[in-house]
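Excluded from the calculations below are hydrogen atoms, water molecules and symmetry mates; all remaining heavy atoms, backbone and side chain alike, are included. Numbering of residues begins at 1 and proceeds along the displayed sequence. These figures come from a predicted structure and were not determined experimentally.
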Amino acid sequence: MSDLLIKNARPMGGEASDILIRDGLIAAIGPGLADEGIATEDAGGRIAIPGLVDAHTHLDKSLLGYPWYVNEVGPRLIDKIDNERKVKRDYGLDAHVQSMRQSLQSVGYGTTLIRTHVDIDTDQGLVALEGVMETRRQLAGVVEIEIVAFPQSGLLRRPGTVELLDQAMAMGADLVGGLDPCGMDRDPKGHLDTIFALAEKYGKGIDIHLHEGGELGAFSMELIFERIRAFGMQGKVAVSHAFCLGMPDWNVSQGLIDTCAELDVPILTTAPPSREVPSLKRLRAAGVRFGAGVDGFRDTWGPYGNGDMLERAMLLGMKNNLRRDDELLMALDVCTTGGALAMDRANHVLAVGGRGDVVIVEGESVGEAIVTHQPRKLVVTTSNVVARDGKSLRERP
């Protein structure tokens with residue numbers, strides 16, 4: 001890990017300053033810092049922001065680099081899940097290649113921290129996990145990758161999945177995943193008891209996909225809260241999507257939001273335009289940790305997306321009707337420092353002592369940088385230059 005001095009940058013659109021990174025951390029920010037013979041990059045007066053954080057994605061699903069997938073899948077969640085298993089078999093997809101391609105594309109856009117859910121099921125076993133773990137190994141120092149062992153096809157409805165999830169945690173997955181305990185397994189008690197027991201066994205956290213909306217989703221959230229209290233896992237259980245927090249009954253949703261704050265339950269959104277989503281302002285006002293991600297993209301589920309978290313900040317702003325420049329800063333925080341905090345990384349900040357992840361972006365202001373999301377001029381991960389002019393320095397396979 002070498003030292004780096006970024007000269008003539010405007011941290012968060014402010015006054016021109018230099019940023020000194022030593023031993024992977026920001027050592028100083030200010031004008032006229034001496035280079036002392038260390039490697040130097042000139043930002044040319046552009047804006048510096050913290051490394052972007054993709055707190056919810058699926059690195060083992062992307063079809064980047066493969067022929068265009070003609071999507072003719074049915075509308076239900078289970079249609080998409082069953083179809084994806086079939087495509088993986090028919091195409092002979094390689095999760096290492098898939099995850100390398102998506103990770104490096106995201107690095108080009110300035111992402112330096114990723115939480116990925118990786119499918120664990122009885123069709124493919126642990127192959128996807130092995131592939132993504134190899135990508136994580138190869139990209140150490142380029143992008144940090146955190147892995148959730150995810151029972152995409154269901155946990156109890158497919159016998160043998162629980163044992164595979166146990167093996168995945170033993171292999172080194174970082175968190176235990178879950179999925180719609182009512183709608184998928186139709187056994188919320190059994191589903192939640194299983195994943196909380198695995199988390200307790202390995203001393204790991206949990207990240208649960210909760211697509212269930214309205215009262216059903218609220219019911220599942222209440223069951224999650226009960227188990228957090230019973231297992232003493234405050235601050236260790238995140239809920240992804242959490243569409244029920246966007247339900248029209250604000251009294252019910254506010255009660256859920258307040259309990260998320262009480263139990264320190266991070267919420268991770270992808271801000272899809274087709275669903276009601278948790279309100280950024282309401283979560284922020286309640287003190288709930290809040291992150292965002294690109295979800296899966298260019299895969300068997302849908303054709304949209306590109307991995308750009310700066311664009312995702314714009315979509316988050318649009319979904320939440322954020323128009324003022326100070327509101328756009330809130331959206332960017334969710335996709336940088338706030339997202340990292342939701343992943344228990346408290347030092348992912350553009351400040352002295354913060355992790356040395358810096359992205360140089362184009363724009364007169366941060367607001368303009370978000371809405372135009374032009375190619376990133378420079379991407380730095382813990383003092384390592386990993387991308388220039390919108391492209392990773394490492395070639396995609």
Side-chain angles (χ1 to χ4, degrees), residues 1-12 17-30 33-44 46-55 57 59 96 99-116 132-147 174 307-310 335-337 339-340 343-362 369 374-397:
M1 187 180 296
S2 59
D3 298 335
L4 180 69
L5 180 65
I6 303 173
K7 299 188 70 67
N8 194 22
R10 291 188 292 130
M12 300 304 294
S17 297
D18 300 338
I19 303 170
L20 177 62
I21 304 172
R22 287 193 183 280
D23 299 322
L25 300 176
I26 297 174
I29 299 177
L33 297 180
D35 60 24
E36 303 175 5
I38 66 175
T40 302
E41 296 283 346
D42 190 343
R46 296 176 179 86
I47 296 172
I49 63 172
L52 290 156
V53 176
D54 185 349
T57 192
L59 292 178
H96 171 52
S99 56
M100 282 289 285
R101 287 173 178 170
Q102 180 176 329
S103 296
L104 291 173
Q105 180 154 313
S106 294
V107 166
Y109 285 123
T111 293
T112 62
L113 174 61
I114 293 172
R115 174 179 288 183
T116 180
V132 176
M133 290 182 73
E134 177 60 19
T135 293
R136 176 168 66 178
R137 186 191 68 80
Q138 291 192 21
L139 295 184
V142 176
V143 58
E144 183 180 356
I145 298 174
E146 185 178 77
I147 296 173
D174 300 294
D308 186 353
M309 284 303 299
L310 200 58
C335 297
T336 54
T337 299
M343 294 174 60
D344 293 321
R345 270 71 167 183
N347 72 333
H348 196 92
V349 293
L350 189 58
V352 173
R355 180 179 162 98
D357 293 3
V358 180
V359 182
I360 304 299
V361 301
E362 304 280 358
Q374 298 179 60
R376 314 302 109 91
K377 188 63 179 177
L378 188 74
V379 181
V380 175
T381 301
T382 58
S383 79
N384 300 311
V385 176
V386 296
R388 294 183 187 275
D389 300 316
K391 293 184 178 180
S392 164
L393 297 185
R394 178 161 178 167
E395 296 261 347
R396 294 193 310 176

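The structure places OG1 of T40 at 7.0 Å from CG of L4, a figure rounded to the nearest 0.5 Å. Going from atom CD of E144 over to atom NE2 of H348 covers 9.0 Å, rounded to the nearest 0.5 Å. The distance from the NZ atom of K7 to the CG atom of L20 is 10.0 Å, given to the nearest 0.5 Å. The distance from the NZ atom of K377 to the CD1 atom of I47 is 15.0 Å, given to the nearest 0.5 Å.
Side-chain contact check for S103 versus I145: some heavy-atom pair is nearer than 4.5 Å.
Looking at every heavy atom in both residues, P375 comes nearest to E362 through O-CG, 3.9 Å. For the residue pair S17 and I29, the shortest heavy atom distance occurs at CB-CG2, 4.1 Å. The two residues E395 and L104 come nearest to each other via the heavy atoms O-CD1, 3.5 Å. When all heavy atoms of P50 and T337 are compared, the closest pair comes out as CG-OG1, 3.8 Å. Among all heavy-atom pairs drawn from P397 and M100, the shortest one is CG-CB, 3.7 Å. Taking both residues in full, the closest heavy atoms of A48 and A9 are given as CB-CB, 4.1 Å, listed atom of the first, atom of the second, then distance.
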Determine, step by step, whether M309 and V53 satisfy the side chain to side chain contact (heavy atoms under 4.5 Å, CB included) criterion, reporting the C-alpha distance in whole Å, the side-chain angles of both residues, the deciding distance to 0.1 Å, and the verdict.
-> CA-CA 7 Å; M309 284 303 299; V53 176; over 6 Å; no
List the steps and the verdict of side chain to side chain contact (heavy atoms under 4.5 Å, CB included) for E146 and R345.
-> CA-CA 11 Å; E146 185 178 77; R345 270 71 167 183; 2.6 Å; yes
L5 and I19: CA distance, side-chain angles, deciding distance, side chain to side chain contact (heavy atoms under 4.5 Å, CB included) verdict = CA-CA 6 Å; L5 180 65; I19 303 170; 6.0 Å; no
Side chain to side chain contact (heavy atoms under 4.5 Å, CB included) between R394 and V142, intermediate numbers included = CA-CA 9 Å; R394 178 161 178 167; V142 176; 5.6 Å; no
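The backbone N or O of S2 sits less than 3.5 Å from a side-chain atom of S383, completing a donor-acceptor pair. In this structure a side-chain-to-backbone donor-acceptor pair under 3.5 Å is missing from T57 to L59. With hydrogens and angles disregarded, no donor-acceptor distance shorter than 3.5 Å links the side chain of D3 to the backbone of I38.
Here the options are V107, D357, L139, T112, the test is side chain to side chain contact (heavy atoms under 4.5 Å, CB included), and the partner is V386; only V107 passes. Of the options L52, D389, I49, I360, a side chain to side chain contact (heavy atoms under 4.5 Å, CB included) to R376 is made by L52 and by none of the others. Paired with R355 under the rule side chain to side chain contact (heavy atoms under 4.5 Å, CB included), one option of L350, I21, T381 passes, and it is T381. Of the residues H96, R101, Q102, the one that meets the side chain to side chain donor-acceptor pair (under 3.5 Å) test with T135 is H96.
Here K391 pairs with nothing under the salt bridge (Lys or Arg N to Asp or Glu O under 4.0 Å) rule; sequence neighbours left out.
Side-chain contact, S106 with T111: no donor N or O sits under 3.5 Å from an acceptor N or O.
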